[in-house]
Amino acid sequence: MSQINKLKILNDPIYGFITIPNTLLYDLIQHPYFQRLRRISQMGMSYLVYPGAHHTRFHHALGCLHIMQNAVQTLKFKGVAISDEEENALYIAILLHDIGHGPFSHALENSVLEEVHHEELSLLFMEQLNKEFDGKLALAIQVFKGEYHRKFMLQLISSQLDMDRMDYLKRDSFYTGVNEGNVNSERLIQMLNVQDDVLVMEEKGIYSIEKFLMARRLMYWQAYLHKTSVVAELTLTKILKRAKELTSRGEVLFGSPFLLFFLNHKIELKQIDKTILDTFSNLDDYDVLGAIKQWQFHDDFVLSSLSKMVINRNLLKIELTEDKINKIKLLELKEKYTKLYNLSDKDVDYFVFKGKIKNEAYSKSSEPIRILKKDKTIENVVAASDQMHLKALSKTIVKYFICYPKAVD
């Protein structure tokens with residue numbers, strides 16, 4: 001039998017051809033844990049606003065691998081010593097950085113797996129894969145956890161100027177058609193360097209960083225925090241919470257065995273073993289959407305009403321405001337819909353609720369983006385920039401919202 005050619009080339013609408021540089025990466029991509037990412041949407045419910053936003057975490061992970069390859073080649077060209085083992089660890093870590101995401105990316109984290117975050121699950125998946133691949137992921141895991149002594153390697157995977165952000169801004173901009181998010185990742189990567197073991201951006205790249213941060217702010221307002229995306233995601237979260245609540249009362253709901261397992265059990269991080277991990281690895285958008293399609297016809301008013309809203313895109317009304325939500329208005333709306341739908345005081349919270357959203361393009365509390373000046377000194381990008389708007393971009397903007405059903409005749 002002839003050997004399978006594992007050095008594949010894939011065609012990507014953003015970057016053109018993406019190469020899989022070695023057989024280990026090919027085998028990781030072929031693993032069912034990773035293939036599941038084909039069935040996890042990158043932007044949750046945003047396709048209800050932007051019909052083209054149907055791309056997946058699988059697309060994004062491969063895009064991250066591609067630009068990590070470019071970043072490594074750029075740094076090596078500039079004289080940064082990166083061994084073959086370190087290079088491979090960077091590729092593995094960036095490829096698998098999102099492997100723990102659940103259906104619709106964040107919905108499950110806020111409803112069914114309340115205590116477990118996707119980063120923690122990603123690490124558990126990587127550790128399990130490390131067992132299956134005879135310890136070949138050990139260095140990648142060390143880097144991913146921030147335990148490797150070369151700090152810049154983690155910064156390439158997780159920082160305010162990492163490969164993850166560079167890919168998702170460009171990719172999400174492409175699939176939504178929101179051009180303001182389109183960043184010049186090629187130029188940003190060409191300007192990367194390492195000084196004193198820390199990732200820096202050469203001074204001539206400062207305007208590209210400003211555009212990158214501005215694109216991030218605009219993408220948050222226009223796509224990720226678009227009010228319809230926000231209310232759709234919250235509705236999905238509430239559907240799953242209601243399903244979990246009904247299940248805990250002994251109701252038998254329609255659903256795949258994988259979804260029902262998580263509805264029937266309260267899972268904590270320390271409980272997750274290989275069996276639970278395998279069950280989670282079989283859970284994707286299709287399980288959730290298939291269940292919600294059926295739940296429209298359930299005789300529980302809350303579950304069926306919320307499910308219909310998502311399936312038919314007839315969502316709750318959402319009002320955004322700069323000011324905190326007036327408590328009296330909230331109580332009046334709750335009272336109105338309690339009577340109208342004959343709901344209990346507890347159940348009305350599924351239909352009438354408030355919250356807030358935050359947009360922070362550049363975090364002053366996180367590790368800064370560092371600029372390498374011509375005299376070899378390093379400065380925080382905000383101090384190095386002559387643009388006032390960069391100071392503005394490092395301000396956190398908070399908006400408040402209230403959700404309630406649309407007017408009924």
Side-chain angles (χ1 to χ4, degrees), residues 64 67-68 70-72 74-75 78 80 90 94 97 119 143-144 146 148-173 178-226 320 322-323 356-400:
C64 289
I67 55 175
M68 181 64 89
N70 291 351
V72 167
T74 299
L75 292 174
K78 291 180 181 181
V80 179
L90 283 169
I94 198 68
H97 78 282
E119 289 95 345
V143 172
F144 187 78
Y148 192 57
H149 66 278
R150 304 194 75 186
K151 194 176 175 184
F152 80 90
M153 288 178 64
L154 175 64
Q155 290 169 323
L156 285 166
I157 293 154
S158 179
S159 68
Q160 297 207 71
L161 195 63
D162 58 26
M163 302 305 106
D164 175 35
R165 289 183 186 191
M166 282 191 209
D167 181 78
Y168 77 62
L169 286 172
K170 202 170 174 67
R171 190 167 298 278
D172 297 349
S173 161
V178 178
N179 293 328
E180 289 81 356
N182 189 9
V183 295
N184 189 348
S185 54
E186 293 83 2
R187 173 152 174 86
L188 286 164
I189 285 167
Q190 288 303 318
M191 296 296 116
L192 286 177
N193 211 328
V194 172
Q195 177 92 348
D196 303 329
D197 212 41
V198 168
L199 196 66
V200 292
M201 178 67 70
E202 289 165 7
E203 192 173 11
K204 57 191 172 188
I206 195 160
Y207 297 121
S208 300
I209 294 182
E210 287 171 3
K211 184 170 183 306
F212 169 79
L213 294 174
M214 182 58 83
R216 188 168 145 79
R217 166 141 295 168
L218 293 172
M219 276 301 283
Y220 268 84
W221 284 141
Q222 284 188 250
Y224 312 129
L225 297 178
H226 185 290
L320 281 179
E322 312 285 324
D323 306 311
K356 63 181 177 183
I357 50 177
K358 283 197 292 193
N359 190 344
E360 189 177 47
Y362 181 71
S363 168
K364 284 187 285 193
S365 57
S366 300
E367 208 178 336
I369 294 174
R370 296 176 176 89
I371 300 296
L372 177 64
K373 305 196 79 172
K374 289 186 179 70
D375 62 3
K376 298 295 178 199
T377 57
I378 293 175
E379 202 171 9
N380 184 331
V381 69
V382 175
S385 169
D386 59 1
Q387 303 291 313
M388 285 307 291
H389 67 245
L390 213 57
K391 291 183 177 63
L393 285 175
S394 57
K395 262 198 200 134
T396 303
I397 297 177
V398 178
K399 288 188 181 178
Y400 300 89

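Below, each value reflects all heavy atoms present in this structure, side chains not excepted, and no hydrogens, waters or symmetry copies.
Taking CG from N184 and CG from L169, the interatomic distance works out to 12.5 Å, rounded to the nearest 0.5 Å. Note: L225 CG to N359 CG = 6.0 Å, rounded to the nearest 0.5 Å. For the atom pair I157 CD1 and C64 SG, the distance stands at 10.5 Å (nearest 0.5 Å). Taken to the nearest 0.5 Å, the NZ atom of K358 stands 12.0 Å off from the OH atom of Y220. Atoms CD and NZ, on Q195 and K376 in that order, are 6.0 Å from each other to the nearest 0.5 Å. Atoms CD and CG, from Q222 and D172 in turn, are 13.0 Å apart once rounded to the nearest 0.5 Å.
At least one side-chain heavy atom of L156 sits under 4.5 Å from a side-chain heavy atom of L90. The closest side-chain heavy-atom distance from V183 to Y168 is not below 4.5 Å. Within the 4.5 Å cutoff, the side chain of L199 has no heavy atoms near those of the L161 side chain. The shortest side-chain heavy-atom distance between M219 and V178 falls under the 4.5 Å cut-off. The shortest side-chain heavy-atom distance between M191 and T74 does not fall under the 4.5 Å cut-off. Between K204 and Q190 there is no side-chain heavy-atom pair separated by less than 4.5 Å. E322 is listed as a side-chain neighbour of K399, based on a closest heavy-atom distance under 4.5 Å. No side-chain heavy atom of M166 sits less than 4.5 Å from a side-chain heavy atom of N70.
Across Q160 and P368, no two heavy atoms sit closer than the pair NE2-CA, 4.4 Å. Contact detail for M163 and A71: the closest heavy-atom pair is SD-CB, 3.9 Å.
With K395 contributing its side chain and A361 its backbone, the two residues share no donor-acceptor pair below 3.5 Å. Here the side chain of H97 pairs a donor or acceptor atom with the backbone of I94 at under 3.5 angstrom. A side-chain donor-acceptor contact under 3.5 Å links E203 to the backbone of K374. Put simply, the side chain of D375 gets close to the backbone of T377: a donor and an acceptor are under 3.5 Å apart.
Under the salt bridge (Lys or Arg N to Asp or Glu O under 4.0 Å) criterion, E202 pairs with K78, sequence neighbours left out. Every residue two or more places apart in sequence or in another chain that forms a salt bridge (Lys or Arg N to Asp or Glu O under 4.0 Å) with R370 is listed here: E367. Partners of F152 by ring pair (Phe, Tyr, Trp, His ring centres under 6.0 Å), not counting sequence neighbours: none found.
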### Query
Would L192 and M201 count as a side chain to side chain contact (heavy atoms under 4.5 Å, CB included) if you check the C-alpha gap in whole Å, the side-chain angles of each, and the deciding distance to 0.1 Å?
CA-CA 5 Å; L192 286 177; M201 178 67 70; 3.9 Å; yes
### Task
Run the numbers on R217 and I397 for side chain to side chain contact (heavy atoms under 4.5 Å, CB included), then give the verdict.
CA-CA 10 Å; R217 166 141 295 168; I397 297 177; 3.6 Å; yes
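Checking each of L188, D167, D162 against I67 for a side-chain contact (heavy atoms from CB on, under 4.5 Å) leaves exactly one that passes, namely D167.
With 3.5 Å as the limit, one finds a donor-acceptor pair spanning the side chains of N380 and Y362. Side-chain contact, Y224 with R216: no donor N or O sits under 3.5 Å from an acceptor N or O.
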